Amino acid sequence: MIKLTMVVIGGFFGDEGKGKIVSYLAMKDSVAATVRGGVGPNAGHTVIHQGKEFKLRMIPSGILNESSKLMIGPGVLVNPNVLIEEARKYKLEKRILVDPQCAVIEEKHILQDKQGYLKSRIGTTGTGTGPANSDRVLRSGKILNEIESTSSFLADIPLEVNRLIDEGKQVLVEGTQGTFLSLYFGTHPYVTSKDVCASAICSDVGLGPKKIDEVIVVFKAYVTRVGSGPIKNELTDQVASEYGWKEVGTVTGRARRAAPFDMDLAKRAVMLNSASQIAITKLDVVFPEVAGVTEFRKLSNNAKKFVEDIEVSLGIPVVLIGTGAEAFHTVDRRKEILAKN
Ligand code: IMP
Ligand code: MG
């Protein structure tokens with residue numbers, strides 16, 4: 001049996017491809033709801049299905065499964081303009097439920113985030129999330145319950161999520177950012193404005209630790225980082241471009257820095273998230289011959305060895321492998337692994 005409540009977490013510095021993994025799981029497992037935790041619209045998730053591309057900053061990545069709800073938990077910061085625009089653009093209004101206790105990102109937060117220390121030293125996304133969380137801690141900011149524009153989306157998310165789980169329905173909890181951008185466990189001060197590990201993401205949506213069946217940590221087949229802060233064995237721009245690892249940020253349009261897969265960092269991410277399963281994305285970028293492959297046995301020997309080395313070193317199974325941008329360009333080994341155990 002595929003376990004029911006899963007939380008999907010980034011294992012490095014964000015941009016691991018969580019959006020793709022969540023969009024695959026939402027369709028494949030017919031989940032009842034995808035619920036977003038995490039910081040807010042500093043995230044950028046890309047979902048691609050049958051050639052159509054969706055760029056999401058607020059709405060959960062489970063959009064492709066039309067019978068599922070899309071929820072945002074009270075821990076998440078909401079920029080009402082971004083939420084409404086995405087809902088309209090992708091015609092998702094009827095599926096969205098947002099908690100009235102979500103704190104609101106206002107224009108002043110965005111202005112603050114685009115100047116001074118935050119911009120020049122930290123290299124934030126400039127989306128207002130740090131200043132909005134700061135106001136939240138000072139208990140001076142607004143919550144969604146106090147504004148008009150999003151009132152039609154409001155619902156008690158902790159209640160909805162716990163009810164679905166208690167009814168035996170499958171719920172997917174979507175994390176944002178990555179383990180080493182965590183305010184607590186990341187590379188201080190080059191981090192985001194709250195913890196983003198599994199426990200925090202569950203807390204964001206109102207789920208206690210006993211409600212989670214599976215913690216999936218997502219690693220890209222190489223490491224990227226956007227903004228300031230350390231990155232081990234960083235490649236020069238030229239080498240990164242030659243490898244095809246030079247990416248551009250979804251939210252900021254900034255070039256991402258790149259480095260090879262970091263096993264020590266991955267080990268620590270497994271520990272910090274109590275991860276039970278691994279998803280590896282963009283295997284086709286490192287091993288172009290595996291592009292579009294959907295069966296493990298059809299991967300090249302080098303690609304298989306790369307995956308198996310990770311499993312041996314980290315001690316938990318690699319259950320999902322991304323081999324292309326499309327949601328269904330995925331090797332799903334869950335049944336095979338379950339049958340072995
Ligand atoms: P902030 O979260 O906008 O305050 O930015 C703090 C740091 O986290 C900066 O280095 C950002 O580039 C990084 N960051 C925040 N969100 C994401 C994300 O979703 N993907 C990648 N990097 C992110
Ligand atoms: Mg991103």
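Whatever order the structure lists them in is the order used to number ligands and atoms, beginning at 1. On a predicted model such as this, the values are computed, not experimentally measured, just so you know.
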When you check the gap from the basic side-chain N to the acidic O, do [X] and [Y] get nearer than 4.0 Å?
X: K282; Y: E247; result: yes
X: K305; Y: D309; result: yes
X: R36; Y: D99; result: no
X: K28; Y: D332; result: no
X: E336; Y: R297; result: no

Return a yes/no value for [X]: is any of its N or O atoms, backbone included, closer than 3.5 angstrom to an N or O of ligand 1?
X: T127; answer: no
X: D113; answer: no
X: S228; answer: no
X: T124; answer: no

For the aromatic rings, using the six-membered ring if either is Trp, is the centroid distance between F185 and F180 under 6.0 Å?
no
T176 OG1 to M58 CE distance, which is reported to the nearest 0.5 Å:
9.0 Å
One should read off an interatomic distance between Q177 CD and I201 CD1, to the nearest 0.5 angstrom, of 7.5 Å
Check whether any heavy atom of T176 sits under 4.0 Å from an atom of ligand 1.
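No, T176 has no heavy atoms under 4.0 Å from ligand 1.
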Contact with ligand 1 for G123, non-hydrogen, under 4.0 angstrom:
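Flag set, G123 near ligand 1.
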The Mg ion (ligand 2) has as its nearest N, O or S atom from D15 the atom OD1
Give a yes or no on whether the backbone of [Y] and the side-chain of [X] come within a donor-acceptor separation of less than 3.5 Å.
X: D113; Y: H109; value: no
X: S228; Y: R121; value: yes
X: K246; Y: R256; value: yes

Please list the nearest protein heavy atom to [atom] with its residue and the distance rounded to 0.1 Å.
atom: atom 21 (C) of ligand 1; answer: D15 OD2, 2.9 Å
atom: atom 14 (N) of ligand 1; answer: L181 CD1, 3.6 Å
atom: atom 10 (O) of ligand 1; answer: V226 O, 3.2 Å
atom: atom 2 (O) of ligand 1; answer: T192 OG1, 2.6 Å
atom: atom 18 (C) of ligand 1; answer: N42 O, 3.8 Å
atom: atom 3 (O) of ligand 1; answer: T125 OG1, 2.6 Å

G44 N/O/S atom closer than 2.8 Å to the Mg ion (ligand 2)
yes
What part of R254, side chain from CB on, backbone N/CA/C/O, both or neither, has a heavy atom under 4.0 Å from ligand 1?
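Only the side chain of R254 comes within reach of ligand 1.
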Given that the side chain starts at C-beta and the backbone is N, CA, C, O, which of these parts of F13 lies under 4.0 Å from ligand 1, counting heavy atoms, or is it both or neither?
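F13 to ligand 1: backbone contact only, side chain stays beyond 4.0 Å.
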Contacting atoms of ligand 1, where contact means under 4.0 angstrom from a heavy atom of V191
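Listed by number with element, the hits are 6 (C), 7 (C).
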Nearest candidate to atom 19 (O) of ligand 1, where distance is taken over non-hydrogen atoms, out of G14, P189, A43:
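Comparing heavy atoms across G14, P189, A43, the nearest one to atom 19 (O) of ligand 1 lies in A43.
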